[in-house]
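Have a look at the structure below before the remarks.
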Protein chains: 2
Amino acid sequence: MDVPDWEPRRVAAVAVALPDGVTPAGTRGRILEAALALYAELGFYGTSIRRIADRVGINSATLYAHYQSKEQVLAELVQVGHRELHDRLAAAVGAVPDADGAAAQLAALVRAHVGVHVDYPLLAVVTNSELHALSPEHAAPALELRAACRRMLLDVLARGVKDGEFAVPDLVLAATAIGAMGMHVAQWFGPDQPYGGEQIAETYACLALRIAGAAAR
Amino acid sequence: MDVPDWEPRRVAAVAVALPDGVTPAGTRGRILEAALALYAELGFYGTSIRRIADRVGINSATLYAHYQSKEQVLAELVQVGHRELHDRLAAAVGAVPDADGAAAQLAALVRAHVGVHVDYPLLAVVTNSELHALSPEHAAPALELRAACRRMLLDVLARGVKDGEFAVPDLVLAATAIGAMGMHVAQWFGPDQPYGGEQIAETYACLALRIAGAAAR
DNA sequence: CCTACCGATCGGTAGG
DNA sequence: CCTACCGATCGGTAGG
C-alpha cells in the first residue's frame with residue numbers, strides 16, 4: 001500500500017479510545033487501538049498490517065498470533081462500536097418513563113447518540129465508514145444492532161405523532177435526518193473546535209425536537 | 001490491492017453520471033466515469049488502476065496517456081463535485097430575491113443541496129468521502145469551494161436571525177446539522193427505496209426551516 | 001493504445 | 001514474539 005507522506009486528515013486529532021471494559025488485555029488490546037487510529041485516519045484499505053504492527057512495536061507477523069486476519073480486527077472494532085451505540089441508546093430511552101412523553105425520550109435518545117460520537121469519534125468513524133469493507137458474514141451482527149438503533153428512534157417518533165406531541169411531514173425521513181446529524185459529529189468533533197460535547201448534545205437534542213415538530217422549545 | 005469477491009455496497013446501485021458538460025470527450029471521459037463508480041464503491045485506496053482500465057476496456061498503462069496519476073483522476077472528480085455543488089447553491093440562493101425573506105432562501109438552498117446529492121450520489125460520495133486521499137495541493141481548490149458553500153448557508157441563517165425570521169440556539173451548529181442532513185442523502189438514495197428526489201428535497205427543506213426556528217411551517 | 005517490465009509493498013504463512 | 005519468506009498485486013515507466 002502506498003502511504004502518502006503528507007498526513008491526510010479524515011478525522012480530528014483526538015485521543016484513541018475504546019469504551020470501558022472492551023479493550024482486550026495486553027498486546028491484543030494494543031493492536032485493536034492501533035488499528036482503530038489507522039483505520040479511522042487512512043481507511044481499511046489504506047492501512048497495512050505492517051503499519052499497525054509498527055505502531056504497536058511488534059513484528060507484522062506477530063499480529064496473526066492475536067487476530068486471524070486484518071479484516072477480523074476491523075470486524076471487532078465495528079462490532080464494539082455498534083454495541084456501544086446500541087447499549088447507550090437503549091439505556092437512554094429506557095431511563096425516561098413513558099409518562100414523561102415522547103419529547104423527553106427523543107431528547108434523551110439524541111443526547112445519547114451525540115454522546116457516543118463525541119466520546120468515541122474514531123470508533124464512530126470506523127464503525128460508520130468502514131463497515132462496507134467487511135464480508136457479509138462479518139457485517140451481519142453489526143447491521144442488526146444498527147437496525148435496532150433505527151427502530152428505537154422510529155418508535156419514539158411514531159409514539160410522539162400518535163400522542164399528538166409531534167408532527168412530521170414523513171416519519172422515516174425525519175428519523176434519517178436526525179440520525180445523519182448525530183453521525184456527522186464524529187467527523188469534526190475534536191479539541192481544535194470551540195464546542196464541548198455536552199453543548200453539542202444539548203443543542204442537537206433541541207434541533208431534533210424541532211424536526212419532530214414538538215410544541216415545546 | 002486485494003479486492004474482495006463479495007460485493008461491498010458503500011452506495012446504492014445508481015447510474016454512473018457526471019453533470020452535463022463536464023465529462024471529457026472520448027477515453028478520458030470514460031476513464032473518469034469508471035473511476036467515479038469504483039472510487040464510490042471501493043474507495044480510492046480500494047481501487048486499482050487495473051480495475052479502472054478493465055472497466056474502460058483499455059490496458060492499465062494507457063490510463064497514463066490521459067491522466068498523470070491515479071490521484072489526479074480523483075482530484076478531477078472531487079473538483080467537479082465541489083464545483084457543481086457550489087454553482088447550484090449559488091444559483092438557488094441567487095434566484096430568490098432578498099425581499100422574499102431568509103426562509104425562502106434557506107428552502108431554496110436546501111432543495112438545491114439535496115438536489116445535487118440525489119442527482120449525482122456517486123459523485124457526492126467520492127467528493128465527500130475521498131477528499132482526504134488528495135494531497136493538500138490537490139485538495140485546496142475543493143476546500144475553498146466547500147468553504148464558500150458553508151458561508152452561503154451561514155449567511156442566510158444569520159440574516160434570518162437578524163430579521164427576526166429565524167431563531168436558533170447556535171448558528172454554526174444549526175448550519176452544520178442542516179449540511180449533514182443533505183450530505184447523508186447520497187449514501188442511501190437510489191432506485192431501491194421509495195422516495196423520489198423531489199420529495200426528499202421538499203421534506204428536507206421543511207425540516208431545515210424547523211431547525212432554523214422559522215415561524216411558518 | 002499496447003507489450004513488457006520496474007521496484008515496492010501487500011496480506012499472510014512456515015517454522016521456530 | 002521473531003526471522004525469513006511466499007505469490008500476488010500495487011502504481012507507474014520505457015519504448016514503441
Side-chain angles (χ1 to χ4, degrees), chain A residues 1-8 24-39 41-78 126 130 132-135 137-138, chain B residues 1-8 24-39 41-78 126 130 132-135 137-138:
Chain A
M1 178 57 51
D2 59 330
V3 173
D5 51 355
W6 42 272
E7 262 312 309
T27 304
R28 188 178 164 101
R30 287 164 59 222
I31 291 171
L32 200 63
E33 290 182 340
L36 170 59
L38 291 166
Y39 289 169
E41 189 66 53
L42 305 165
F44 179 73
Y45 294 119
T47 301
S48 71
I49 55 158
R50 283 165 179 80
R51 187 135 172 192
I52 297 173
D54 280 352
R55 201 177 221 267
V56 177
I58 57 173
N59 188 283
S60 66
T62 302
L63 197 142
Y64 293 89
H66 300 277
Y67 288 94
Q68 288 173 23
S69 67
K70 182 188 170 190
E71 190 195 338
Q72 211 207 291
V73 183
L74 176 62
E76 183 155 327
L77 287 169
V78 167
V126 171
E130 303 301 326
H132 69 280
L134 292 177
S135 66
E137 303 81 53
H138 274 127
Chain B
M1 180 56 52
D2 58 329
V3 173
D5 51 354
W6 42 274
E7 261 311 308
T27 304
R28 188 179 163 99
R30 287 163 59 221
I31 291 170
L32 201 63
E33 291 182 340
L36 170 59
L38 290 167
Y39 288 170
E41 188 66 54
L42 304 166
F44 178 72
Y45 294 120
T47 302
S48 71
I49 55 160
R50 283 166 179 81
R51 185 135 174 193
I52 298 173
D54 280 353
R55 200 176 220 266
V56 177
I58 58 174
N59 188 283
S60 66
T62 303
L63 197 142
Y64 292 90
H66 300 277
Y67 288 93
Q68 287 174 22
S69 67
K70 182 188 170 189
E71 191 196 338
Q72 211 207 288
V73 182
L74 175 62
E76 185 156 325
L77 287 169
V78 167
V126 170
E130 302 301 325
H132 70 280
L134 291 177
S135 66
E137 303 82 53
H138 275 130

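Numbered from 1 within each chain, the chains take letters A, B, ... in sequence-line order. Computed from heavy atoms alone, side chains included, the values below leave out hydrogens, waters and symmetry copies.
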*Could you check B:R28 against B:Y67 for side chain to side chain contact (heavy atoms under 4.5 Å, CB included), going step by step and ending with a plain yes or no?*
CA-CA 8 Å; B:R28 188 179 163 99; B:Y67 288 93; 3.4 Å; yes
*If we only count heavy atoms from C-beta on, is the B:P24 to B:H66 side-chain gap below 4.5 Å?*
no
*Can you tell if the side chain of B:V73 reaches within under 4.5 Å of the side chain of B:I52, non-hydrogen atoms only?*
no
In whole angstroms, how far is the [atom2] atom of [N] from the [atom1] atom of [X]?
X: B:R28; N: C:dC1; atom1: CZ; atom2: C1'; result: 16 Å
X: A:I58; N: D:dC1; atom1: CD1; atom2: P; result: 6 Å
X: B:K70; N: C:dA8; atom1: NZ; atom2: P; result: 19 Å
X: B:R50; N: C:dA4; atom1: CZ; atom2: P; result: 15 Å
X: A:I31; N: D:dC1; atom1: CD1; atom2: C1'; result: 11 Å
X: A:D54; N: D:dC2; atom1: CG; atom2: P; result: 11 Å
X: B:L42; N: D:dC10; atom1: CG; atom2: C1'; result: 15 Å
X: A:Y45; N: D:dC10; atom1: OH; atom2: P; result: 12 Å

Nearest-0.5 Å distance, [atom1] of residue [X] to [atom2] of residue [Y]:
X: B:I58; Y: B:I31; atom1: CD1; atom2: CD1; result: 4.0 Å
X: B:F44; Y: B:K70; atom1: CZ; atom2: NZ; result: 4.5 Å
X: B:E33; Y: B:L38; atom1: CD; atom2: CG; result: 12.0 Å

[X] side chain, from C-beta outward: closest of [options]:
X: B:A61; options: D:dC1, C:dC5, D:dT13; result: D:dT13
X: A:Y64; options: C:dG11, D:dT3, C:dC1; result: C:dG11
X: B:S48; options: D:dC10, D:dG12, D:dC1; result: D:dC10
X: A:H66; options: D:dC1, D:dG11, C:dG11; result: D:dC1

_Steps toward salt bridge (charged side-chain N to carboxylate O under 4.0 Å, His left out) verdict (B:R51, B:E41)_ = CA-CA 12 Å; B:R51 185 135 174 193; B:E41 188 66 54; over 6 Å; no
*Determine the stems involving DNA chain C; a stem requires 3 or more consecutive pairs of the Watson-Crick or G-U wobble kind, each with both distances below 3.5 Å, and the answer is none if no such run exists.*
C:1-16 with D:1-16
_Students often get this wrong, so: under 4.0 angstrom with heavy atoms, is B:I49 touching a base, only sugar-phosphate, or nothing?_
base
*Looking only at side-chain N and O atoms, does A:T27 come under 4.0 Å of OP1 or OP2 in D:dC1?*
yes
*Ignoring backbone atoms, test whether A:T62 places a side-chain nitrogen or oxygen under 4.0 Å from the OP1 or OP2 oxygen of D:dC2.*
yes
